[in-house]
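Okay, so here's the structure we're looking at.
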Amino acid sequence: MEIWIEYLNSIVEYEIRWNIFKTILIILILWLIKKGIYHLIGVGKDADLKRIYHWRKTAQYTLVFIGFLLIGNIWISNFQSITTFLGLLSAGIAIALKDIFVNIAGWLFIYWRKPFDVGDRIQIGEHKGDVVDLRLFQFSLLEVGNWVDADQSTGRILHVPNGKVFSDAQANYSQGFDYIWNEQNLYVSLDSNHKKAQKILREIMNDLLQDGFKSIERAMMKAHKEHFIHFGQFTPTVYSKIHERGIQLSLRYLCHPRKRRVLEHQITEAILEKFKAESDIRIVYPITSVYLDKGIDS
């Protein structure tokens, strides 16, 4: 009896060692295949980085799935049917790992419906940034805004669960139409020549933005065909209204989301330079005066 037990134990130990060897061999082969695919995808100096990224991700997830099936077939007894295995796996995830299942569904939704892609600037809930990575359970944003003005980068990476696409509203700065409307306000006194001020402001914006008018027009035509986006006017304009400070002049223009702060800086510098030479235009701003009564000693 003891001989038979020892014999069975030796068979079990042999099977375990053999299974470990096959597992390591499968992992090694799949790793070599992945490296080979990465090398082939990255060939060429003019390769599209976004295309390379998506092909690499597709190859990675496909090889992981294949490896999971092959290794599962080695270690799980009665692994006769892939359909049975997938059914058990799905049931286990749905019951015990609800959040993970939702994130996987969110990942499939992102790749299928494309609400955003790598390189897009988006806002989801209270988080805003440039999409730098898409993974099975979460996507990563290079944060913009927060304590930094004009939607510039903070340098932080935000990791957002994929399931958020089902519960939070998403705004995409880059999809459909590559430009956003930006506005800058300034105030001149009521006795200023506001007509001349408007003319100067329009000239400043046209000088700084005219090189991009053709690109904006092409982007608008494309957006109109794909998403029925239409603007009656896409050239810069200036609106005026009476304000408690004086006359409010609102500069409105289309710009690329990532160039908003640069354009604001250039326009502001030009405004200050031009208005200094005009004696009949005066920029106004609120001031506060504090009077201290020191009293008189008798």
Side-chain angles (χ1 to χ4, degrees), residues 121-130 141-156 158 168-174 177-213 216 229 231-297:
R121 175 163 292 186
I122 70 167
Q123 179 171 350
I124 179 165
E126 60 182 7
H127 305 300
K128 180 163 56 176
D130 300 321
L141 303 176
L142 179 61
E143 185 185 38
V144 300
N146 206 325
W147 68 87
V148 179
D149 290 335
D151 289 345
Q152 287 201 306
S153 174
T154 65
R156 297 195 306 183
L158 301 176
D168 292 353
Q170 303 125 52
N172 194 321
Y173 290 64
S174 309
F177 190 54
D178 295 331
Y179 297 87
I180 60 172
W181 285 104
N182 191 40
E183 289 194 2
Q184 290 178 240
N185 296 325
L186 63 89
Y187 302 88
V188 297
S189 61
L190 291 173
D191 58 351
S192 294
N193 189 340
H194 72 281
K195 290 291 186 181
K196 182 194 287 188
Q198 287 181 327
K199 181 181 178 182
I200 293 173
L201 295 176
R202 280 193 291 267
E203 290 175 351
I204 290 172
M205 289 189 292
N206 286 329
D207 289 342
L208 291 173
L209 301 171
Q210 63 180 351
D211 292 340
F213 286 166
I216 292 174
I229 297 174
F231 297 121
Q233 178 179 347
F234 66 88
T235 53
T237 187
V238 180
Y239 295 101
S240 61
K241 74 174 182 179
I242 301 296
H243 193 269
E244 59 183 5
R245 296 186 189 178
I247 301 176
Q248 176 180 297
L249 301 176
S250 299
L251 293 74
R252 180 173 169 85
Y253 54 90
L254 282 167
C255 68
H256 195 277
R258 292 177 175 82
K259 295 181 179 180
R260 189 161 72 94
R261 190 168 201 178
V262 174
L263 284 174
E264 284 185 351
H265 168 73
Q266 293 175 343
I267 290 172
T268 301
E269 289 286 328
I271 290 172
L272 294 175
E273 188 68 26
K274 293 284 188 180
F275 280 13
K276 280 182 181 179
E278 304 296 334
S279 59
D280 55 350
I281 299 176
R282 186 163 61 92
I283 298 176
V284 295
Y285 50 90
I287 60 173
T288 302
S289 300
V290 179
Y291 298 93
L292 300 177
D293 185 6
K294 298 182 179 179
I296 301 176
D297 295 335

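A heavy-atom distance below 4.5 Å is not found between the side chains of V148 and E143. When side chains are defined from C-beta on, Y187 does not count as touching S192, because their heavy atoms never get closer than 4.5 Å. Between N206 and P236, the closest side-chain pair of non-hydrogen atoms falls below 4.5 Å. Side-chain contact between Y253 and I267: present, with at least one pair of heavy atoms (C-beta onward) separated by less than 4.5 Å. Between T268 and H265, every side-chain heavy-atom pair lies at or beyond the 4.5 Å cut-off.
By the ring pair (Phe, Tyr, Trp, His ring centres under 6.0 Å) test, Y173 is found to be paired with no residue, residues two or more places apart in sequence or in another chain being considered. With sequence neighbours excluded, the residues satisfying side-chain contact (heavy atoms from CB on, under 4.5 Å) with K195 are N193, Q198.
Smallest separation of non-hydrogen atoms from A197 and F275: CB-CZ, 3.9 Å. For the pair I204 and A270, the tightest heavy-atom approach, listed with the atom from each and the gap, is CG2-CB, 3.6 Å. Scanning all heavy atoms of the two residues, the minimum distance from N182 to C255 falls at CB-SG, 3.9 Å. Closest non-hydrogen pair, S250 versus N185, comes out as OG-OD1, 2.7 Å. In this structure, Y239 and T237 approach most closely via the heavy-atom pair CE1-CG2, 3.4 Å.
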Open item on the list: Under the criterion side-chain contact (heavy atoms from CB on, under 4.5 Å), I'd like the reasoning laid out for I281 against K274: C-alpha separation, chi angles, the key distance, then a yes or no.
Closed with: CA-CA 10 Å; I281 299 176; K274 293 284 188 180; over 6 Å; no
- [ ] Could you walk me through whether L209 and I216 pass side-chain contact (heavy atoms from CB on, under 4.5 Å), step by step?
- [x] CA-CA 10 Å; L209 301 171; I216 292 174; over 6 Å; no
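Separating the CG atom in L263 from the CE atom in M205 is a distance of 11.0 Å, to the nearest 0.5 Å. With rounding to the nearest 0.5 Å, the separation of CG in L190 from NE2 in H243 is 11.5 Å. With values rounded to the nearest 0.5 angstrom, T235 atom OG1 is found 6.5 Å from F213 atom CZ. Rounded to the nearest 0.5 Å, atoms CG (N146) and CD (E126) are 9.0 Å apart. Expressed to the nearest 0.5 Å, how far CD1 of I247 lies from CG of L186 amounts to 11.0 Å. For the atom pair CG of L254 and CG of D178, the computed distance is 11.5 Å after rounding to the nearest 0.5 Å.
In this structure, Q170 contributes its side chain and D168 its backbone to a donor-acceptor pair below 3.5 Å.
For NZ of K196, the number of neighbouring non-hydrogen atoms (other residues, nucleotides, ligands) closer than 6.0 Å is greater than 12.
Among residues at least two apart or in separate chains, salt bridge (Lys or Arg N to Asp or Glu O under 4.0 Å) pairs with a member in residues 242-259 are D130-R258, E183-R252.
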